[in-house]
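Below is one structure; the comments refer to it alone.
As the structure is a computational prediction, the values presented were derived from the model and not from experiment. Reckoned from all heavy atoms, side chains included, excluding hydrogens, waters and symmetry mates.
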Amino acid sequence: MKRSLCNLLVVLLCINLMSSTAFAFETNEERIDYSDGSFAIITTETSYIRSTINRSKIYNYYNSSQEKCFSYILSASFTYNGTTSCADSCYADMDIYRKGWDVDSHDEYTSGNTAYGEAVFSGPGGASRTVSLTLTCDKNGNVT
């Protein structure tokens with residue numbers, strides 16, 4: 001009886017290991033410098049779970065004094081199967097870090113295999129920044 005129970009547990013453990021989700025996480029970063037001395041750091045984070053990809057693009061804006069002013073985060077979920085891909089959903093988060101900055105407008109949507117996000121931020125002294133981010137997934141799960 002004990003041997004049968006032990007064998008059953010081993011079989012269940014093997015099935016669980018074979019059916020567990022494959023998971024991976026990666027990140028990369030790029031910098032945009034503006035003529036007034038301000039800059040933005042755009043960080044892309046990706047997590048993979050089998051044929052679903054969740055990706056976020058984070059736009060962090062810094063003034064010329066290197067103070068973080070605001071961030072805009074576009075997140076999207078994609079599915080792919082080697083033949084086609086689809087942007088299933090997207091949403092945005094926004095954070096204000098410096099007094100005087102505010103979100104004037106924002107819009108996020110998906111179309112086909114692409115997620116789109118755009119926001120307009122206004123700041124002190126009439127400063128304005130428009131942020132436009134896209135995330136596109138190809139049939140093999142490569143998101144750019």
Side-chain angles (χ1 to χ4, degrees), residues 5-144:
L5 184 59
C6 184
N7 287 338
L8 178 62
L9 288 174
V10 168
V11 169
L12 290 175
L13 179 62
C14 289
I15 291 171
N16 185 39
L17 289 174
M18 289 186 300
S19 65
S20 66
T21 57
F23 179 78
F25 183 81
E26 63 184 49
T27 184
N28 66 18
E29 198 172 89
E30 67 179 287
R31 179 180 168 131
I32 300 171
D33 290 299
Y34 297 103
S35 60
D36 64 357
S38 64
F39 62 96
I41 303 291
I42 301 174
T43 306
T44 306
E45 298 176 344
T46 307
S47 63
Y48 303 90
I49 301 174
R50 292 210 185 264
S51 62
T52 300
I53 296 176
N54 297 302
R55 177 166 265 197
S56 294
K57 230 176 214 186
I58 306 161
Y59 179 103
N60 290 306
Y61 177 76
Y62 298 81
N63 63 19
S64 58
S65 300
Q66 298 188 351
E67 301 165 319
K68 190 176 187 178
C69 299
F70 65 84
S71 67
Y72 176 75
I73 304 166
L74 176 66
S75 298
S77 178
F78 301 92
T79 52
Y80 64 97
N81 61 16
T83 305
T84 62
S85 63
C86 181
D88 298 319
S89 63
C90 72
Y91 64 93
D93 287 317
M94 290 145 274
D95 291 309
I96 304 296
Y97 299 99
R98 301 292 304 165
K99 185 177 179 177
W101 282 94
D102 201 7
V103 181
D104 292 337
S105 64
H106 68 93
D107 184 36
E108 297 77 36
Y109 62 96
T110 63
S111 179
N113 63 344
T114 303
Y116 300 90
E118 182 172 289
V120 179
F121 293 84
S122 58
S128 180
R129 281 285 176 239
T130 300
V131 179
S132 295
L133 299 177
T134 60
L135 294 165
T136 302
C137 182
D138 70 14
K139 66 180 183 174
N140 298 313
N142 301 307
V143 181
T144 54

Nearest non-hydrogen partners of [X] and [Y], listed with the distance:
X      : Y      : answer
Ser56  : Ile73  : CB-CG2, 4.3 Å
Ala76  : Ala115 : CB-CB, 3.6 Å
Val120 : Ser128 : CG1-OG, 4.0 Å

Could you tell me the separation between the [atom1] atom of [X] and the [atom2] atom of [Y], rounded to the nearest 0.5 Å?
X      : Y      : atom1 : atom2 : value
Ile53  : Asn142 : CD1   : CG    : 7.0 Å
Thr44  : Asn28  : OG1   : CG    : 4.5 Å
His106 : Leu74  : NE2   : CG    : 11.5 Å

Should Tyr116 and Ser111 be marked as a side-chain hydrogen bond (donor to acceptor under 3.5 Å, both in side chains) after you check the CA-CA gap, both sets of side-chain angles, and the distance that decides it?
CA-CA 8 Å; Tyr116 300 90; Ser111 179; 5.4 Å; no
Once side-chain hydrogen bond (donor to acceptor under 3.5 Å, both in side chains) is applied, do any residues pair with [X], and if so which ones, sequence neighbours excluded?
X      : answer
Ser122 : Asp104
Tyr34  : Tyr59
Thr114 : Thr136

Derivation and outcome, side chain to side chain contact (heavy atoms under 4.5 Å, CB included), residues Cys86 and Thr84
CA-CA 7 Å; Cys86 181; Thr84 62; over 6 Å; no
For Asp107, what residues pass the salt bridge (Lys or Arg N to Asp or Glu O under 4.0 Å) criterion, not counting sequence neighbours?
none
Does anything in [range] form a salt bridge (Lys or Arg N to Asp or Glu O under 4.0 Å)? List the pairs, not counting sequence neighbours.
range            : value
residues 120-129 : Asp36-Arg129
residues 113-122 : none
residues 132-144 : none
residues 69-92   : none

Test side chain to side chain contact (heavy atoms under 4.5 Å, CB included) applied to Thr52 - qualifying residues, sequence neighbours left out
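Asn54, Ser77, Thr79.
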Residues 89-98 side chain polar contacts: donor-acceptor under 3.5 Å, at least two apart:
residue: Arg98; atom: NH2; partner: Glu67; partner atom: OE2; Å: 3.4

Any residue meeting ring pair (Phe, Tyr, Trp, His ring centres under 6.0 Å) with Tyr62, in chain and number order, not counting sequence neighbours:
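Ring pair (Phe, Tyr, Trp, His ring centres under 6.0 Å) check on Tyr62 returns Phe39.
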Side-chain donor/acceptor of [X] to backbone N/O of [Y], under 3.5 Å:
X     : Y      : result
Asn63 : Ser65  : yes
Lys57 : Ile42  : no
Arg55 : Leu135 : no

For atom CD of Glu30, is the number of surrounding heavy atoms from other residues, nucleotides or ligands below 6.0 Å larger than 12?
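Enclosed.
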Contacts satisfying ring-ring contact (aromatic ring centres under 6.0 Å, His included) that involve residues 119-144 (not counting sequence neighbours) are Phe70-Phe121
